[in-house]
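Since the structure comes first, as structure tokens, the remarks are kept for the end.
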There are 2 protein chains.
Amino acid sequence: MKRIHIEEIKNHIGEEVVVAGFVQVIRDQGKNIKFLLVRDVMGIVQVVVLKSEENAMEVADSLSTESVIEVVGLAKEEKQAPQGFEIAAKHIKVLSHSDPELPIPVFEKGSQEEAEQSIRLDWRWIDLRKPRQALTFKVWTAFEAAFREYWVKNNYIEIHSPKLIGAPSESGAEVFEVKYFDRKAYLAQSPQFYKQMAMAAGFEKVFEVGPVFRAEPSFTSRHATEFTGYDVEISYIESHHEVMAEEERFIQYAIRAVKEKYGDEIKKEFGREVIVPEIPFPKFTMKEAKAILADMGVPSEKAGDLSPEEERKICEYAQKKHGHEFVFITAYPASVRAFYHMREENEPDITKSFDLLWNGLEVTTGAQREHRYGILVKQAIEKGMRLESIQFYLNFFKYGCPPHGGLGIGANRMLMKLLDIENVRESMFVYRGVKRLEP
Amino acid sequence: MKRIHIEEIKNHIGEEVVVAGFVQVIRDQGKNIKFLLVRDVMGIVQVVVLKSEENAMEVADSLSTESVIEVVGLAKEEKQAPQGFEIAAKHIKVLSHSDPELPIPVFEKGSQEEAEQSIRLDWRWIDLRKPRQALTFKVWTAFEAAFREYWVKNNYIEIHSPKLIGAPSESGAEVFEVKYFDRKAYLAQSPQFYKQMAMAAGFEKVFEVGPVFRAEPSFTSRHATEFTGYDVEISYIESHHEVMAEEERFIQYAIRAVKEKYGDEIKKEFGREVIVPEIPFPKFTMKEAKAILADMGVPSEKAGDLSPEEERKICEYAQKKHGHEFVFITAYPASVRAFYHMREENEPDITKSFDLLWNGLEVTTGAQREHRYGILVKQAIEKGMRLESIQFYLNFFKYGCPPHGGLGIGANRMLMKLLDIENVRESMFVYRGVKRLEP
């Protein structure tokens, strides 16, 4: 007989079925009857074991919670059971025995009983058994599938750019060094240079999904040393406004897909009402944002850039003023942006760049790129770059390259905001930080 | 006016259109007329420039090939033009000027005129402008999208496992070392341990697409130090035969999708007739394979494993005997397989594992995994593993873990076989090898 998932039982009432999963709860009801709660990836079911079923009772007597079992039994309606039905066990087989001493409890019985985060991260796979944690990754699967669906439908080409690179890119700081046979390599901090290479190759529109590596000694709830990046680059644009318009479309598309598939479950597990954002998103220039923040009495920590506190406050403002969870900040000064961001023709200190904030958190950085070789070299020198370490990149612009722009999205930060997860560590399958390389 | 793609011109005959792309050819036809061939990501079009259009002619006179231009002009039918139509230019704008001295030619005029591979790899983005190269990555996009579509439809959860790991996994050899703050990290050779962790978390079916890193000093046409892996793991299996059956289904699904979308173009550019494989694929045990090869007079280089030559020959046999491009080899001896491959109950020297070969090349390794803690530890010790470096992994099996199995696919090797590409370097956006970290 073929195993069915627990959510399918309702279609098999009165039939003998096979289910398999983890034993979540074992409850004795006197000597002659035992109740088990068995959990698979789709749901939880009550299994009743009667003494008259000797084989089943014998196995049930030996069970520890979190063991994995297969149950053969009769599917019945039962009003008192959690989901309105139960299985009367005929046979139980232990597929995997759990040590009875679990290092962390699987069930969230309120935060005060939950183990500390760092301990839960040590035993990540046990923590991931909680329905809320599993839902996080089901939602991510649907979210990413929707982004990709948009890109593939719209004739983007997918690239897989190398993570091992020959010279520290972008700045040289915060990059991991790798022993590479008889020389050194570095881990790519982003696919930036390579997605621009794809533009020089004439690919026109590309996307990449992959790990990015940051050797930042940060311990905040927003940072990790390795996380998933979504990168997009498009050619033949007039300005960064086209990049923003495209981002609005695919973010709306992906959030709508998640809401349709998991909106109710997200509401139940996370208490979060997923909102499909309207287009266009509100936009403020940096100058406008700083003026609004000054009006709100929020101190400016750094000219031309927003602190985490300012990001939260400007989002509160956008929410209040425009009823929108997203806000673009544009027109960053050249001083705070990368050398390859294109400048405004009439305001050479202002870049054609943007950040996207979602409910208080930066989730995207984007820009039109400088594709004119001479100007790009000049800007690199201004920023104090060593040209020899980026010459391979500069060469991309010597033999014809369309005007282009793009953006990078922090996938884990998007997931945090999609589900109201407070700490990025809970939005990663396995978190990596300065002090954490395990499991 | 909005730019259109070259393949859309046929729908705009008699209208003024805007196209943009790389100047592939510049041909003077006397003093009063010039022909350009302009290439975008979708096609190539002839642009005719007449002296009477002064602006256009002035720009055309200054052009170098591979510059990027925008052309405004009248779309006309023209039987002598490559695709049966042309654009009579009114205005031409140079978006990006190319150095007239190209380091490699963009056009393949037969292999003897093509630059050497290593030089083409140096200038990868120029080489990628060839239609055949661009098609490779369009096909990859469709191929990967189809695999993912299958997995998502069938309720797989996508994971993004860490590439930075705390201890050299699997064997310890052939692993890159990373300077990680005040300690060492290593680059994951595969997501093996982490997809098994997902099984212990109860995710039941997962897939991952991501880079894998191999510090192998190999210089063959099949090896790279970084490539894209597709990884799949599924729970509640009876044996590795279920894993093979699932792989047959998603490979068939993905090849069918590519054939529908790009079959004709692949035929034209690569001379390859894409064949949707029939299910089930032929299967030989290692013992059967060795007997067949002995009959064919192919020398056995290593007991219990196949050499590249044996892989080619057994595929020739499968093709002849079963008319099939794929063949599974099963029942590898434990001596040549990883410690975590499950053994046959009645033949403890034989693993429940398989390789999949496609037209002479190994493209997959898979197995049922040993999920029983005690047996797994015993097998690890037998293989001489240092238990402390894999204890984090062994722990996954202490607190309940369903029986499971899975496989890893080399995406680039699949692409090689899909398109009859002879060298893996041509199947990567940017190749990485022992001596190559650039561009």
Side-chain angles (χ1 to χ4, degrees), chain A residues 3 20 22 41 66-68 95-96 98-99 102 125-126 128-129 134 137-138 140-141 144-145 148 152 157-166 176-181 185 194 197 200-204 210-211 226 228 236 371 392 396 398-403 429-430 432 434 437-439, chain B residues 3 20 22 41 66-68 95-96 98-99 102 125-126 128-129 134 137-138 140-141 144-145 148 152 157-166 176-181 185 194 197 200-204 210-211 226 228 236 371 392 396 398-403 429-430 432 434 437-439:
Chain A
R3 171 195 180 222
F22 292 81
V41 75
E66 294 305 310
S67 290
V68 178
L95 300 176
S96 172
S98 171
D99 188 319
L102 289 173
W125 70 97
I126 299 176
L128 286 172
R129 294 178 187 176
F137 297 91
K138 291 180 195 173
W140 188 348
T141 302
E144 186 172 317
R148 291 175 161 275
V152 172
I157 294 176
E158 179 170 14
I159 58 170
H160 294 277
S161 71
K163 305 310 157 201
L164 289 165
I165 56 176
F176 289 112
E177 187 185 299
V178 180
K179 225 170 112 182
Y180 195 79
F181 304 105
Y194 293 98
M197 187 190 109
F203 282 15
E204 294 197 14
E226 176 181 351
T228 303
Y236 300 109
H371 66 286
F392 81 96
F396 299 161
K398 268 190 180 166
Y399 304 100
C401 181
F429 178 59
V430 173
R432 286 292 179 255
V434 178
L437 281 171
E438 284 86 17
Chain B
R3 171 196 180 222
F22 291 81
V41 74
E66 294 306 308
S67 291
V68 179
L95 299 177
S96 173
S98 171
D99 189 319
L102 289 173
W125 70 97
I126 300 176
L128 286 172
R129 293 178 187 175
F137 297 91
K138 292 179 194 172
W140 189 348
T141 303
E144 186 172 317
R148 289 174 161 278
V152 172
I157 295 177
E158 180 172 11
I159 59 170
H160 294 277
S161 71
K163 304 309 157 202
L164 289 165
I165 55 174
F176 289 114
E177 185 185 298
V178 180
K179 223 170 112 180
Y180 195 78
F181 305 103
Y194 294 98
M197 187 189 108
F203 282 16
E204 294 197 13
E226 177 182 351
T228 304
Y236 300 110
H371 66 286
F392 80 97
F396 299 160
K398 267 190 180 166
Y399 305 100
C401 181
F429 177 59
V430 173
R432 286 291 179 256
V434 178
L437 281 171
E438 285 88 17

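Note on naming: letters A, B, ... go to the chains in the order of the sequence lines (proteins, then strands), and numbering restarts at 1 for each one.
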- Classify the ring geometry between A:Phe181 and B:Phe176 as parallel (under 30°), tilted (30 to 60°) or perpendicular (over 60°). perpendicular

Identify which part of [X] has an atom lying under 4.5 Å from any heavy atom of chain B, answering side chain, backbone, both or neither.
{"X": "A:Ala200", "result": "both"}
{"X": "A:Phe137", "result": "both"}
{"X": "A:Pro403", "result": "side chain"}
{"X": "A:Leu95", "result": "both"}
{"X": "A:Arg432", "result": "both"}

Which atom names give the shortest non-hydrogen contact between [X] and [Y], and what distance separates them?
{"X": "B:Phe22", "Y": "A:Gly202", "value": "CE1-CA, 3.5 Å"}
{"X": "A:Val68", "Y": "B:Cys401", "value": "CG2-N, 3.6 Å"}
{"X": "A:Pro439", "Y": "B:Phe396", "value": "CB-CE2, 4.3 Å"}
{"X": "A:Lys163", "Y": "B:Pro211", "value": "CG-CG, 4.0 Å"}
{"X": "B:Leu128", "Y": "A:Met197", "value": "CD1-CE, 3.8 Å"}
{"X": "B:His371", "Y": "A:Ser96", "value": "CD2-CB, 4.2 Å"}

[atom2] on [Y] to [atom1] on [X], rounded to 0.5 Å:
{"X": "A:Leu102", "Y": "B:Lys398", "atom1": "CG", "atom2": "NZ", "result": "12.0 Å"}
{"X": "B:Trp140", "Y": "A:Ile159", "atom1": "CH2", "atom2": "CD1", "result": "10.0 Å"}
{"X": "A:Lys138", "Y": "B:Glu158", "atom1": "NZ", "atom2": "CD", "result": "15.5 Å"}
{"X": "A:Tyr194", "Y": "B:Trp125", "atom1": "OH", "atom2": "CH2", "result": "10.5 Å"}

Against chain A, work out which of [options] has the most heavy-atom pairs shorter than 4.5 Å and name it.
{"options": "B:Ala134, B:Gly210, B:Pro402", "answer": "B:Pro402"}
{"options": "B:Glu177, B:His160, B:Lys179", "answer": "B:His160"}
{"options": "B:Ser67, B:Ser161, B:Pro162", "answer": "B:Pro162"}
{"options": "B:Thr228, B:Val434, B:Val152, B:Val430", "answer": "B:Val434"}

- Message: When you compare the side chain of B:Arg148 with that of A:Arg148, does any pair of heavy atoms fall below 4.5 Å?
- Response: yes

- Message: Checking B:Glu66 now: which residues fulfil salt bridge (charged side-chain N to carboxylate O under 4.0 Å, His left out) with it, not counting sequence neighbours?
- Response: B:Arg39, B:Arg129

- Task: Go through the structure and list residues passing side chain to side chain contact (heavy atoms under 4.5 Å, CB included) with B:Ala185, not counting sequence neighbours.
- Result: A:Leu437, B:Leu164, B:Val178, B:Tyr180

- Task: Examine whether an atom of B:Ile126 lies under 4.5 Å from a heavy atom of chain A, and if so say whether it belongs to the side chain, the backbone or both; otherwise answer neither.
- Result: side chain

